[in-house]
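What follows is a single structure, written as structure tokens, with notes after it.
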Amino acid sequence: MMKLACLVLLSLLFASAVAKNHVLLGGWSPIKNLNDPRVSGIANYAVTEHNKRSGENLKLQKLIKGESEVVGGVNYRLTFTATEGSSSDEYQAIVLEKPWLHFKNLTSFTRVHA
Ligand SMILES: *[C@@H]1O[C@H](CO)[C@@H](O)[C@H](O)[C@H]1NC(C)=O
């Protein structure tokens with residue numbers, strides 16, 4: 001009986017430690033399928049929206065990495081290359097989407113310095 005109580009207590013402690021870590025790390029998890037049309041749609045939106053705001057004319061080249069986080073909506077953190085004229089650079093964009101409200105916003109767009 002004592003042993004069982006100990007086990008239960010230990011697993012509770014472990015579960016709360018995991019939950020806490022999750023929050024501290026911001027809860028980003030990798031997107032496995034970068035070819036998902038939903039993900040490329042978000043990337044295209046990020047580049048188009050960035051161009052609209054900045055007056056630049058970047059073209060999405062290739063998605064390199066994607067992560068998502070659930071935060072009263074879904075945050076997408078995407079890394080990709082984009083070209084402007086003949087030069088190619090790496091960028092990271094964060095897009096918040098609330099699909100049930102048809103809401104999307106580009107919250108961050110930065111050049112990644114290699
Ligand atoms: C979209 O994100 C930008 C940058 O974080 C913010 O300034 C702006 O208020 C947001 N727009 C909406 C509609 O939430």
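Computed from heavy atoms alone, side chains included, the values below leave out hydrogens, waters and symmetry copies.
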Expected output: side-chain [X] to main-chain [Y] donor-acceptor under 3.5 Å:
X   : Y   : value
S54 : E56 : yes
N51 : L58 : yes
R77 : V95 : no
D36 : R38 : yes
E84 : N57 : yes

**Prompt:** Going by distance alone, is a donor N or O of one side chain under 3.5 Å from an acceptor N or O of the other, for S108 and Q92?
**Reply:**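 Their side chains do not contain a donor-acceptor pair, so the 3.5 Å distance test is not met.
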**Qualifying residues under ring-ring contact (aromatic ring centres under 6.0 Å, His included), relative to Y45, sequence neighbours excluded** =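 Y45 satisfies ring-ring contact (aromatic ring centres under 6.0 Å, His included) with no other residue.
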**Request:** Let me see the working for S29 and E67 under side-chain hydrogen bond (donor to acceptor under 3.5 Å, both in side chains), right down to the final yes or no.
**Result:** CA-CA 5 Å; S29 54; E67 294 157 293; over 6 Å; no
Got [X] and [Y] here, is their nearest side-chain heavy-atom distance under 4.5 Å?
X   : Y   : value
L96 : K98 : yes
E97 : I42 : yes
T48 : L60 : no

Quick one: do [X] and [Y] end up in the same hydrophobic cluster if we chain Ile, Leu, Val, Met, Phe, Trp and Tyr together by side-chain heavy atoms under 4.5 Å apart?
X    : Y    : value
I94  : V39  : no
W100 : F103 : yes
V70  : I31  : no

How many angstroms lie between atom [atom1] of [X] and atom [atom2] of [Y], to the nearest 0.5 angstrom?
X   : Y   : atom1 : atom2 : answer
L78 : L63 : CG    : CG    : 5.5 Å
S68 : K32 : OG    : NZ    : 9.5 Å
Q61 : T81 : CD    : OG1   : 4.0 Å

**Whether Y91 and H50 hold their rings parallel, tilted or perpendicular, with breakpoints at 30° and 60°** =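 Ring orientation of Y91 relative to H50: tilted.
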**Atom of Y76, atom of W28 and distance for their closest heavy-atom approach** =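 Distance-wise, the nearest heavy atoms are C-CZ3, 4.1 Å.
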**Prompt:** So, for N105 and R53, which heavy atoms are closest and what is the spacing to 0.1 Å?
**Reply:**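 Smallest interatomic distance, heavy atoms only, reads OD1-NH2, 2.9 Å.
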**Prompt:** So does E90 pair up with K62, basic N to acidic O under 4.0 Å?
**Reply:**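 Looking at E90 and K62, the cut-off is not met.
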